[in-house]
K.L.:
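Have a look at this one before I ask anything.
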Amino acid sequence: MSGALVIEVERCKGCELCIAACPPRVLEMSREVNATGYRYPILHPGCTGCTACQLVCPDAVFEVYRLSSG
Amino acid sequence: MSGALVIEVERCKGCELCIAACPPRVLEMSREVNATGYRYPILHPGCTGCTACQLVCPDAVFEVYRLSSG
Amino acid sequence: MSSSAATSGLELLEGSTAIARAAITAGCRFFAGYPMSPFTGLLESMARLLPGSGGVCINAQSEIEGVNMALGASAAGARAATGSCGQGIALMQEAIAETALNETPLVIFNMARNQQDYFQCTRGGGWGDYRTLTLAPKDIPEAVEHTQLLFHLADRHRIPTILYGDPLIAQTRIGVRIDPLELPPLPAKDWALDGSRGGTGHSRQIWTWAMGKATDPGPGPDRHWQAIAEKFERIGAVEQRSEGFGLDGAETVVVAFGSAAKFTAHVIEELRDAGHSIGHFRPITLWPFPGEALARATEHARRVLVFELNAGQMLDDVRQHAADRSAVLPIGGVSIHESGLSYGPLLDVPVIRERILAAMRGRRRLAARAGLSAGSRG
Amino acid sequence: MSSSAATSGLELLEGSTAIARAAITAGCRFFAGYPMSPFTGLLESMARLLPGSGGVCINAQSEIEGVNMALGASAAGARAATGSCGQGIALMQEAIAETALNETPLVIFNMARNQQDYFQCTRGGGWGDYRTLTLAPKDIPEAVEHTQLLFHLADRHRIPTILYGDPLIAQTRIGVRIDPLELPPLPAKDWALDGSRGGTGHSRQIWTWAMGKATDPGPGPDRHWQAIAEKFERIGAVEQRSEGFGLDGAETVVVAFGSAAKFTAHVIEELRDAGHSIGHFRPITLWPFPGEALARATEHARRVLVFELNAGQMLDDVRQHAADRSAVLPIGGVSIHESGLSYGPLLDVPVIRERILAAMRGRRRLAARAGLSAGSRG
Amino acid sequence: MEQEVLIAGIGGQGIQLVGKTLALAATLAGRHAMLAADYGGEMRGGPSQATVVVGDAPLRALPIVPAVGAALVMHDRFVGAVPERLRKGGLLLVNSSVVDVDAERAARYAYFELPAIELARELGAPAAAGLVMLGAFARLSGVVELERLVEAMRSLLPPYREQHAAGNATALEAGWAAGADRSATAAAG
Amino acid sequence: MEQEVLIAGIGGQGIQLVGKTLALAATLAGRHAMLAADYGGEMRGGPSQATVVVGDAPLRALPIVPAVGAALVMHDRFVGAVPERLRKGGLLLVNSSVVDVDAERAARYAYFELPAIELARELGAPAAAGLVMLGAFARLSGVVELERLVEAMRSLLPPYREQHAAGNATALEAGWAAGADRSATAAAG
Amino acid sequence: MSEVIATDRPPEGAADRVAEFRPSLIVGEHSLCPGCGEPVALRILLETLQELGIVERAIGVVGHGCYGSFVRIMDVDVLQCLHGRAPACATGIKRVQPAAAVFTLQGDGDMVSEGLAEVLHAAARGENITCILLNNGVFGDTGGQQTATTVLGQRTKTSLDGRDPVSHGHPIRIADIVAGIDGVGYVARGTVGTARGVARTKRMVRSALETQLAGKGFSLVEILTMCPTGWFVGAPQGPDYMEQSMARAYAPGELRVSLGDER
Amino acid sequence: MSEVIATDRPPEGAADRVAEFRPSLIVGEHSLCPGCGEPVALRILLETLQELGIVERAIGVVGHGCYGSFVRIMDVDVLQCLHGRAPACATGIKRVQPAAAVFTLQGDGDMVSEGLAEVLHAAARGENITCILLNNGVFGDTGGQQTATTVLGQRTKTSLDGRDPVSHGHPIRIADIVAGIDGVGYVARGTVGTARGVARTKRMVRSALETQLAGKGFSLVEILTMCPTGWFVGAPQGPDYMEQSMARAYAPGELRVSLGDER
Ligand SMILES: Cc1ncc(C[n+]2csc(CCOP(=O)(O)OP(=O)(O)O)c2C)c(N)n1
Ligand SMILES: Cc1ncc(C[n+]2csc(CCOP(=O)(O)OP(=O)(O)O)c2C)c(N)n1
Ligand code: SF4
Ligand code: SF4
Ligand code: SF4
Ligand code: SF4
Ligand code: SF4
Ligand code: SF4
Ligand SMILES: [Mg+2]
Ligand SMILES: [Mg+2]
């Protein structure tokens, strides 16, 4: 299965919980910071749309999609 | 074994707990009442000095003796 | 009930039961309390009577539980009450202040052991700027009225209200009638929580800090607490209640509240019959203290005698409002029954008469000893 | 510590820590409390410092636990204290009254969020006739002194005593010296429980009702509570403390307490420099209220302005003691920081100056609005 | 005019029940009644007393009644308080089975006595001595009719004690009858 | 004379630590110091400010300091409050790495700027920009000596962060040095 | 069985006194109801203090209930504390006088209703104190209302038709809860309805105090006591009623022991 | 792994949204610390209310702690109550509005420290309410002091060298205690440290609310939540720290179930 995300980087507080939670490890923290000074996750290829990142994120940064054609 | 009692009848409040507690059933409630209007236990022969009456009495009415020559 | 009693309409009721009946008549549908003499009888009456009237009575496992249950029931829109006395009311102080500051109506029955809890009722030991509207009935028929009035006032102003009773009111039995009090209608409780606005962006909130919702912001603590203070100021102006007799030009005015005022009134009637220039003033609301009426009543008085069965608590209010502060003299005092649960020997007609006469003879020092005063000049 | 600091003797301490150090200097050996801002820092400091000084600090699991633990420790002879603020102190009312009535010394640190708890400190919401001796320091160095004095007075009179602090005292850091206060010696605590008299027929007892033992009867509640009331009356007479300046013949007297008095004093110095006839009066003890001193201080005043950061609580005391009650005007008010945890914008030099000047210009109505008064004439 | 009566005895004699019965009977009769609160316990052997006030208008009596016009004394152990509270010339009815009043004292009151315990025992209702006294008192004082007393007594009995109703009624009636004959109760005093 | 300084920035910049270091340094130097309480949180991204007052006698300053003689601005997001509180002619030192002050405004103060973040990064102590500013401020204002700052900084470090001591000291020194050269910090203003 | 033996004075011949009226630490008459179980519990507690030789370092903390009046007749140092707070007060005492033998005397209303938090927190703190609970399943002192330990079906003045789980909830088995808390050294439940029960309960009280003296943490003895007045039964029926109601809901026995099993 | 996928807008082709940012019942931003577990718990609670279709009869009672600020952003009726007293307030609400779905939101300080008596009495009353405990083992809101659930060895501002059983006592396992009380319908313990934990905890919250709706008595879900700030660890370390400290002392799982096992 293949997934896609919307990441609202401005809401991120850089806690990195999503990074460890992602089973295929396709999230990584940015080098840049958002307006309040936090680094945030960026997505590399391989997202399965499993929603783990959304489940653990305290700051409602993720929206997860599953692409219909795997 | 054979026992003897001192019964401070004036302290008795007539609850009858001692009557049921006496294993040989040698205590009985009096017909008369004490100064505050309560009936109190009287002793019939057969006391073993087991102290059960004293143990259960809430009003410290009993002193129990065991006779040396049983 | 026999036909004559039916005609007279009188039922022989213990004060506690009469109050419970009055509360139910007033629409009380939730009660939670914890036993404590002499409040216990009210709890027992509520436990007996409320379930049959479509209400709920809970024997709470502590006063803190009780008052917070009642707060919850009231937040959900029910007329709710709790009660206790002395120590138990002390434990409720936090919650009583909370109801004042988050505007949840609540009736508290302080079936006190004596009159030592005047400060507790009128100043409270909660936190923040709040007051508790307190009625001090002089007897059971008045308590029946006051009970109904307190539920009304609690709802009308969204405040905590207190009935300051005592053992004489709680435990005496008298023939009494529980007549419903005529009171003006009140608006619906549109603030009460029922869940119905969930998800609309305007769900309800009861919160001392009044911050509101992100979608529907509230004033926040600064403005909200200022508004609360202003509300209490308004209530303080409009809800003062008192009564008196013989005040016109009286040289001596005696001030007393609650059951004690029944005794002082009795003595003063006697003294007036004997030709003395003496009048009687009874605050019915302890907060708001009927200061304006007292000021008028004492305008011509040479002495204002305060009889209360404590070390001098109402004294604070009398000193603030009597026309001439320096004329105020305490003639009551601490007096406790040997059981610890009621009044002692001071609540007695001859004793009171003697104290009043002594004060009228100018024996100020003696009488003043009864008072607990902070080095006042008054 | 560097040599210069050693010379000056100053240490940079947060107020909470300074107070903790002062308490330990005063011999406090037991402390129990429950976190609540801005009291939390004192609890943390005690937890850090007390064990190393041969004492015990317990992070109690509620305020009720905390105050009763402290009561127990004190009953067993230790100098003991607890603390909290607002809601937490409300929960302690029952126990505070208890310590007053069973004569267990206790120090309570009310590190309040603001000045809305004046009634709570001075009247309490406990039960019975009791008072709590309350010191309201204006800043950290004074709090360091007051803390030591409170332990002394609690033991000397066997009463509960309160330090009425606030966030400015708790959370500001300043260079301060913890000098032990010279205080007269006190008798040994022969009333304290240690078990040693068990079985002698004269074992000890601490009991609010003072019934004593069958072998050694006590006075019972009636006489005991009368004695307590008389004791508080005596304390009320001897323990009044206040300070002021510019009072000689001043036309306007401003009354304020605690941190707020630091601000008013600042303004009044400015106004005096500008030639105004204005003086400053600061009650240091809130109970006993320094009524006699205030009466003297206001003898020639045309107006007595009360600045307190609440809806008008000290006002009750000022009205009772100012030379002319009708000259008393509230100029403070409710003012809360948006966090809910400290003072709002009213505690500000220009605002205070403007309010004083407005009152001096006779704009009474405007200023009076801030007060929560029960329809008083004053 | 209000009538006050003090009922005094020891715990176990049913003093409170006598007080309640009287107050309720008066209420059922459409009169105003008050039963003052009592702070002693009801412990057997301890003092027990009840004060009832009856009148035809809302009562003016205070809830602590310092002086009474009538007293009903069930036990001599606690007769002491009576002289302090009973007005001179007041109605004094004593349970002569256990109370002895000297002639001098009796002379100060309208004095009556009744061997209530013996009477009750004869009726087969030994626990109802108090009601015998009450019946007599009602007749002597005219405070309330017998039927009201019986009605009140019945409505105060809890369901599990209904079997006592008949005996209690007999006791009230016997007292009522004894009270009719003033000379039968009036002692030499 | 009392010297007041406002330190303003956002959470995460170590504003409170800078304030504590300054107040402690002054105390260690035998002076009277106060660090006013702060009610904002220290949450990253939220406003953070500290006010320090230093003097040679017991302080007369109030615990809420309405007007200051100097300000040290670490982040432009919260520069807004400064003009309200900094007296005209007061010392204004800004972290020019992130703060832009227009010439007109700068002209009202004794204006200095320092690219503190770049400086700190160059020193290999990127988190110590605040201490660079503090070093410069101490030199410019003369409020306290460098050694005291270093001593205070060291005693405030918890044991598990002792490894930062050297870097922090370097930062203070660099700031101190920069402050010496008034022209190096003074902007065109 | 009609012969009546004289019991107005000690026997004349050689005889050992094997049971006294009461321990000398009880210095006056109590005023509790006929058939009340609480005075029995008091007696065994004070006898145990004497037998352990710790009278002169014993400090009691007594709550509010009928047993509250024992404060007048127990000749040991006593703090009469606020309703429910005895374990907190005892904590304060013990912490500043670690050598004292500190015990509380509380009823079910006191400990399980009003003071539930205090006893559980003291237990979890592993506080070296001994709490004695007199559990009669009612507020006796206030006239017989429902407490947190009133058993299902029991009629009280606030559960007139019997405690009904739906409106009034279920009883709390406090000893069981405490036994499951870390920091607890000893928990047992006894009764005073029979002579055997009294003797066994006394051993429990001894074990609890020994646990404290050995510094093994919190100890609790829950004693089921008769309250004929609050149960609305005759005094003679007290023990039977207890057997059939409370003792079924609350099984007697030792629930937690941490000292070596000397018994 | 250097390619970066755009995440600033939804994908263009056919796609199902399988997870929203947050339920529509959250109507504003919270201000809790980075890595805090409490917002996660809030989310699953509100999602469950929506999924069960009970939003319009839900009434929440919220205690004092960091989660207290959720009152501003949760779009359901809420009573913000006094510290520790939520179960009592919820009782009052439920008794007068039996059809409402009444829940509390409390922290460990709120429920297990200050409010221990209230939650246990509500449980014993079998009150038909659902209590949600956010257990992070500290008073987060006041800056990280020791609560009744702080695990042994944990450093807090009032147990500076780690919680030591002798001075500071032992942690209370509240869910275990509640599970042992008669009148209780459902008790479970979950965590929000991992995605699996979050999903499982959400099912627990659902079961608890279903228990209430079925009138089966008191329900409690204890949710272990990270508090990096109060634990003095970095936000990323939160879940691991929790795994190694709290989750060891407090084993996750269902402790009492009374509805048929639909799952
Ligand atoms: C705060 C408070 N609430 C209520 C009371 C009233 N009170 C006194 S004794 C008592 C009953 C105690 O019951 P229990 O502890 O079971 O003792 P028992 O009388 O049954 O022996 C109560 C509720 C009180 N003293 N203090
Ligand atoms: C009676 C009372 N005491 C103390 C406080 C202060 N207080 C507010 S939040 C809090 C901590 C709550 O801890 P917890 O419930 O565990 O929530 P967390 O912040 O950890 O989420 C405390 C003690 C209060 N509000 N009321
Ligand atoms: S949806 Fe799953 S796979 Fe995709 S980024 Fe999130 S956690 Fe990783
Ligand atoms: S879990 Fe959420 S807040 Fe934390 S780093 Fe990931 S996106 Fe940001
Ligand atoms: S000692 Fe034993 S045998 Fe003797 S009377 Fe007492 S119980 Fe009966
Ligand atoms: S047990 Fe005691 S009080 Fe009861 S009847 Fe027997 S002797 Fe009397
Ligand atoms: S009411 Fe119950 S507990 Fe109290 S003394 Fe009487 S029998 Fe004992
Ligand atoms: S302090 Fe802890 S519980 Fe509070 S918001 Fe921060 S991480 Fe969450
Ligand atoms: Mg009991
Ligand atoms: Mg927590």
Side-chain angles (χ1 to χ4, degrees), chain D residues 29-32 54-80 82 94-95 97-99 102 104 106 126 191-218 220, chain G residues 23-30 46 49-50 53-62 64 68-102 104 114-115 117-122 124-125 127 129:
Chain D
R29 289 298 170 268
F30 185 89
F31 192 87
V56 173
C57 175
I58 301 188
N59 184 155
Q61 296 308 329
S62 76
E63 289 83 357
I64 291 182
E65 243 206 355
V67 69
N68 282 288
M69 285 176 179
L71 191 166
S74 175
R79 282 203 160 169
T82 184
E94 185 199 23
E98 181 84 359
T99 62
N102 74 14
T104 313
L106 185 68
W191 48 266
L193 308 180
D194 64 2
S196 63
R197 295 216 202 128
T200 63
H202 296 280
S203 49
R204 295 183 181 88
Q205 179 191 76
I206 295 184
W207 189 1
T208 309
W209 284 12
M211 305 273 247
K213 305 259 168 166
T215 42
D216 193 4
Chain G
S24 62
L25 288 180
I26 297 184
V27 293
E29 301 298 331
H30 70 75
L46 295 182
L49 294 179
Q50 267 174 331
I54 53 176
V55 171
E56 281 161 37
R57 53 187 177 117
I59 304 180
V61 185
V62 179
H64 283 252
S69 60
F70 292 161
V71 168
R72 287 193 65 250
I73 61 168
M74 50 201 288
D75 193 14
V76 292
D77 276 13
V78 171
L79 169 63
Q80 154 70 60
C81 71
L82 287 168
H83 188 40
R85 319 304 173 201
C89 293
T91 296
I93 295 174
K94 184 74 181 184
R95 292 289 182 117
V96 303
Q97 292 206 18
V102 181
T104 75
E114 181 90 41
E118 283 73 19
V119 70
L120 294 181
H121 284 310
R125 248 185 344 262
E127 210 64 55
I129 58 173

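Here is how names work: the chains are called A, B, and so on, in the same order as the sequence lines, proteins then strands, and each is numbered from 1.
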K.L.:
Hey, are the side chains of G:H30 and G:F70 touching, using non-hydrogen atoms and a 4.5 Å cut-off?
P.N.:
yes

K.L.:
Which pair of non-hydrogen atoms, one from D:N68 and one from G:A88, has the smallest distance, and what is that distance?
P.N.:
CB-CB, 3.8 Å

K.L.:
Between G:R57, G:Q97, G:E29, which residue shows the highest count of heavy-atom pairs closer than 4.5 Å to chain D?
P.N.:
G:Q97

K.L.:
Please answer whether the main-chain N or O of G:C81 pairs with a side-chain N or O of G:H64 as donor and acceptor at a distance below 3.5 Å.
P.N.:
yes

K.L.:
Under 3.5 Å, is there a donor-acceptor pair between the side chain of G:D75 and the main chain of D:G201?
P.N.:
yes

K.L.:
What part of G:A90 gets within 4.5 angstrom of chain D, counting heavy atoms only: side chain, backbone, both, or neither?
P.N.:
neither

K.L.:
Do G:S69 and D:M211 make a side-chain contact, defined as non-hydrogen atoms from C-beta onward lying under 4.5 Å apart?
P.N.:
no

K.L.:
For each of D:A78, D:G218, D:A75, D:G212, tally heavy-atom pairs with chain G at distances under 4.5 Å, and name the one with the top tally.
P.N.:
D:G212

K.L.:
Name the member of D:I58, D:D194, D:L71 that forms the most heavy-atom pairs with chain G at distances under 4.5 Å.
P.N.:
D:D194

K.L.:
Answer with side chain, backbone, both or neither: which region of G:I59 has an atom nearer than 4.5 Å to a non-hydrogen atom of chain D?
P.N.:
side chain

K.L.:
For a quick test of reading the model, state the closest non-hydrogen atom pair linking G:L25 to D:G199 and the distance between them.
P.N.:
CD2-CA, 3.6 Å

K.L.:
Looking only at heavy atoms, which two atoms of D:A80 and D:A73 are closest? And how far apart?
P.N.:
CB-CB, 4.0 Å

K.L.:
With sequence neighbours excluded, tell me which residues meet salt bridge (charged side-chain N to carboxylate O under 4.0 Å, His left out) with G:R125.
P.N.:
D:E65, G:E127

K.L.:
Heavy-atom distance under 4.5 Å to chain D: side chain of G:I93, backbone, both or neither?
P.N.:
both

K.L.:
Which atoms of D:A70 come close to chain G, meaning under 4.5 Å heavy atom to heavy atom: side chain ones, backbone ones, both, or neither?
P.N.:
neither

K.L.:
Can you tell which of G:V96, G:L82, G:V62 has the highest number of heavy-atom pairs within less than 4.5 Å of chain D?
P.N.:
G:L82

K.L.:
Flag the one option from G:G92, G:A124, G:A100 with the top tally of heavy-atom pairs under 4.5 Å to chain D.
P.N.:
G:G92

K.L.:
Under a 4.5 Å heavy-atom cutoff, which of D:V67, D:T208, D:N102, D:T200 has the most pairs with chain G?
P.N.:
D:T200

K.L.:
Is G:A58 in contact with chain D via its backbone, its side chain, both, or neither, using a 4.5 Å heavy-atom distance?
P.N.:
backbone

K.L.:
Pick from G:I73, G:V76, G:T91: which one has the most heavy-atom pairs with chain D under 4.5 Å?
P.N.:
G:V76

K.L.:
So what's closer than 4.5 Å to chain D heavy atoms on G:E118: side chain, backbone, both or neither?
P.N.:
both

K.L.:
Looking at G:T104 and G:V61, would you say the former's side chain and the latter's main chain have a donor-acceptor pair under 3.5 Å?
P.N.:
no

